[in-house]
Amino acid sequence: MQVTLRVNGKLSEVPPSFIGRRLLDYLRAELGLTGVKEGCGEGDCGACTVLVEGQPMCSCLLLTGVLDGREITTIEGLPETFLAQFSAACAEYGAVQCGYCTPGIAVMAAWLQAGGSEVSAQPITKLLEGNLCRCTGYQQIIEALSALQ
Amino acid sequence: MPPAKSPALRPSHLPPVELYRPADLGELLAHAADGVHLLAGGTDLVVWASQCGEPRRLAWIGSIDQLQTLDITSDRAHIGAAVTLSRIVRSGQFRSLAPAVVDGAAVVGSVQLRNQATLVGNVCTASPGGDTIPALHVHDAALDIVSAAGDRRSVKISDFVHGPGQTGLNTGEVVTGVTLRGLGQREGSAFSRFTQRNALDLAIASVAACLSFESDGRTVARAHLSMGAVGPTVLDADEAARSLVGHPLEPARLRNCADLTAECCRPITDHRASADYRRQLVRTLTMDVVDAAAERAIPGWLAVEAP
Amino acid sequence: MTGEQPATSSPAPAAAGVPDRARGLARYTADLIPPGTVLVGLARSPYAHARVSSIDIQAALKIPGVLAALTPADFDDIALGHQGADEPVLTRVARYVGDGIVAVAASDQDALLRGIEALHIDYEILPHACSVDDALALDQPLHPAFLDNVARRFSAERGDWEAAQKRVSTWVEGTFQTQAVPHAYLEPRATLVRVYDDRLELVTGTHFPSVLAETYGEIVAGWGARLEVVTPDIGGSFGAKWEHPTHLVCLAFAHRLRRDVAMVLPRRDDMISGRTRVAMRIQMRIGATDDGELIAKETMIWADNGAYTGHGPSVTLAAAIRMDNLYRFSALNAQAQLIYTNNVPSECFRGFGSPQSAFAQEQLIDELAEQLRIDPIELRRRNAVQPGDTTLHGWQVGSCGFNDCLDAIKDRIQTHRRENPMATSDRYRFGYGIAGATHAISNRGYDHRFDRDMMSLAVEPNGVLRIESGEVEIGCGTVDLFAGIVADHLELDRERIRLVLGDTATVPHGLGCFASRTAFFGGRAALDASRRFAQLCGRLAIDIGLPADTAIASVIEAAVTANRTMELRVTGSYEPDHVTVPDESGYGNISPAYTYATHGCCVRVDTATGLTTVVCYWAAHDTGQVLNPQRARGQVVGGVVQGLGFALAETTLVDDRGHMQNPGYLDDRVATFADAVPIECIFTPTFEKEGPRGAKTIAEPPIIPVAACVANAIYDATGARQWRLPMTPEWVWRSLCAKGVLAPDRTAD
């Protein structure tokens, strides 16, 4: 089985040993994209969130081999203009403490900024329900994300 | 005490999986006949495989085009086995046809998980608390099943799930999709669940209702109630539903109906909740959900109902 | 503990500030593990209490890729525990489900899992006890030296109890149960050990790298090696990441195999073998005079130590006495025991023991207020500790703004009540609650030798100022705080400052980031280092031929040009002189200053489901001068939300075999975005003359009053007193059933 992904704009052929492993493992161990974090490995924290064809998913629950031909975006692949804005908003509103959940939230924020939603008029708190943060109590992240919209 | 031997707890890492990507239904059936587990969204299966170290052979259904179809007509919907929950949540057409199913699909996991998980996967997981299952019950859903020999059969959802994690799927059979009945005139459906936090949680009780009214807009013509997480499978509350039929939906009748659902459910006590608390929740949820379904059937029905 | 850095060592990672963290550039331990590193895993006991009768590792060792296995015999003379060395690295007697028995090292994860599955371990099952009552009744000690399973007893009696009792006209009392809660930090425990010639480098997120270097250093010295500890960025801890058996397992494999090894715990493993808050049963009574003078308080505590001790003793003592210091009692009597059970070892957790005891005390104060017909804020105000007081436990109160906090909350509640007339119905009830709190800053009793911090400032050849501190960035903003103080004081550009934290090979000593001490102790050390650095720059300026008052940035520039940056290196420190090591009963001025808080909230209780919704929350804090309002607010809001989890949702559930039933985020129910509540954060500033620029600290206090505050609001709404945490919908519903306050037609079966 041959599997080729486009990760952050670059084509990469997946070695056979990673085809039956999680996308998270492939991104971190093989491609060195350590911005993608593992918090729970069970889809309950969102720290490993990446965009697959522009849609957020948990890379801990995706097997690499099922993604042949897909476009994957990690925090490392988000546009610099977005990262600069996001980073500035986080600093301004105090939206980052330990920072372990932040890459997943950054990916969600990029998705939101690109018009991402499920149905119309959903609040940020619903759209980000899959991203846990144990430090901030969310208030300042919500403020930062609201400022970015 | 006698010596004991029990496997040590292993780290819950996913072992490397042997992965197949069948290109068509025939290949998929061949894998299924060979004992390979089917992988849809993976949001439950990958977690289990990490915890148990099994299964280690998986066939992914997502590259088979015919399983990706979401067909909606004026009175029915067919949802292919690989259709994700987010496709259902996002479809306005589907929402008009089966709002209760959208209510259920919209609270599964999170945005990320709904982008991965499938409706049929949620059914085949056969959890007593599966969030889409009560709504599928009240929409008279049936599973479309094909066997290794190519024989097709259709099984009512209430006959399909046998117990926690157990379905009526025979070895070598594959679920290709689910077909459900859409709302008719003056008909509404709704689903609600109770969880201890507002997201990323499992229901400790849930209720779905589908209600249609006579042309007077007051008298209940047909009712279907179904309850989740209060029995070994999702349970239909037939007697409670019948108690509504032929009458206007007055508060006392609604309360009586709620009591009947609470009586006929068969909850257990586990680490999430006790049996009697679940029963109490079913009572409360029934009132809320019948109310919501009626509102969808006849917007502003409360005003219509007085005096 | 300092030494030159060998050429083979990778440079210590610079701690990341907020902008880098937001870009995903922070590097946590698991991010530093290179491909090809040997992976380590544990076979854990499936029994809560069992003697390991035999271990066979031969089949595992034959599996291709398995490199080695370690058994309890490899660690026989080692026991861990800062306050009671009782935790084996690998154990011959499993004392909780998840206790490590055998460790396996392998070249890849597949081999590792196969190796662990191939182990043969036989057990002799022993009777187990997963509650303090069962443990006290168990006729078998869990640790041979503690025949009654009581790991530690505390007793503190202050004032003239007999005389005080006579003045009491009204007593209120209750027995309260608090629960074990996992810390649930986002970054699971991870350990990387790098091997150099004669040196092992332990890379792991921890509160106190210097203490780890000291503790493990002695063990590693016994193997003929040296140890340094590097703490990279830490993905949260909240009081969990101290010594841990997995560290020594990795060190031992690295030493034996002469290869770098790593272990990252899956979330489930982390939860079953991590740590939890110390669960307590607290029996308390408080007596007052008719006109509302608080006279006497009596406390009895049964604390669940779990299988091993950790910081259980300090936490239990803190729960027994700390909250007493909020009011001017005449006499106090506290008795506490810490009891071994077959639960996962408990630990300190943000707030130490005070969230537990506040849950009891602040509800009883409200009970008293009701019985005496005094407004609960007024009752607290009348008895509040004041600046200049020395409390019965020996705390010398410097700055104290408790009254201001009370006033601020009174104002918020009055306004809210006026502007939001609540539509109380049969089904939905609304109520308000308040609770107070006090907390120490560090604890002189933690390490009997000293309580101090140091900081070095050094100029690198390119003119960048390097801050070196033994403190770590655990998410509270240490990096920004230190850099901010130094940059401000020396008028330097923040971009020209780099921080190296928690690398014991290169930084001076710091006791660690715990007990809300880093901003205070580290901040004072930063000020001291900055002053010394400015003096040094003045001298160098003259030497180079510049005016003595030349701007620091210009002196640094001149030093770069003159190749004299090596001369610009100073070390500053802070060690308070008016603190005392507490005696065994906890008496002493343990901290250079104390913080105060009052919280208030409005809740809605759904009587049909018992669901409590926090409508509005106000947190007023006296933390001295606020150095960084945004970071301070982050600590308050984060602490309150963790507190709401403790109050309403989070718990550790154990079945009758001792298996944890909810080892994951799904059933542990950490708050999600969808659970966020509106929280207003109010600072009522005092000026603490001992603190850095008048500041005190803010990390722990915000969690302390939360459970009590919500419980008081539920009582206000429904009349049902809350004796048990967490106040889940089901338990609140049960308390409503017991009180007969259910909505019509909705009664318990």
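Protein chains get the first letters and strands the later ones, always in sequence-line order, with residue 1 at the start of each.
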With a 6.0 Å cut-off (strictly less than), is the heavy-atom count around CD of A:Gln2, excluding the residue itself, greater than 12? no
Measuring heavy-atom distances to chain C, does [X] have an atom under 4.5 Å in its side chain, in its backbone, in both, or in neither?
{"X": "A:Glu38", "result": "backbone"}
{"X": "A:Lys126", "result": "neither"}
{"X": "A:Leu132", "result": "both"}
{"X": "A:Ala95", "result": "neither"}

Among residues 8-31 of chain A, residues within the sub-4.5 Å heavy-atom range of chain C, in order of number, are A:Arg28, A:Ala29
Listed by number, the residues in residues 98-120 of chain A that come under 4.5 Å of chain C (heavy atom to heavy atom) are A:Cys98, A:Gly99, A:Tyr100, A:Cys101, A:Thr102, A:Pro103, A:Ile105, A:Ala106
Do the side chains of [X] and [Y] get close enough for a salt bridge, i.e. N-O under 4.0 angstrom?
{"X": "C:Glu187", "Y": "C:Lys241", "value": "yes"}
{"X": "A:Glu143", "Y": "C:Arg633", "value": "yes"}
{"X": "C:Asp270", "Y": "C:Arg268", "value": "no"}
{"X": "C:Asp233", "Y": "C:Arg21", "value": "yes"}

Bottom line for C:Pro678: the part with an atom under 4.5 Å from chain A's heavy atoms is backbone
Turns out that what part of C:Pro35 lies under 4.5 Å from chain A's heavy atoms comes down to side chain
Taking every heavy-atom pair that is under 4.5 Å apart, which of [options] has the most such pairs with chain C?
{"options": "A:Ser87, A:Gly94, A:Gly35", "result": "A:Ser87"}
{"options": "A:Val36, A:Ile142, A:Thr136", "result": "A:Thr136"}
{"options": "A:Gly41, A:Ala144, A:Cys135, A:Gly32", "result": "A:Cys135"}

Sequence neighbours excluded, the answer for ring pair (Phe, Tyr, Trp, His ring centres under 6.0 Å) partners of C:His621 is C:His599
- Is C:Glu473 reaching over with its side chain to a backbone N or O of C:Gly477, donor-acceptor style, under 3.5 angstrom? yes
Ordered numerically, the heavy-atom neighbours of chain A under 4.5 Å found in residues 642-653 of chain C are C:Gln642, C:Glu650
- Message: Looking only at the aromatic ring of each residue, does the gap between the centers of C:His207 and C:Phe514 stay below 6.0 angstrom?
- Response: no
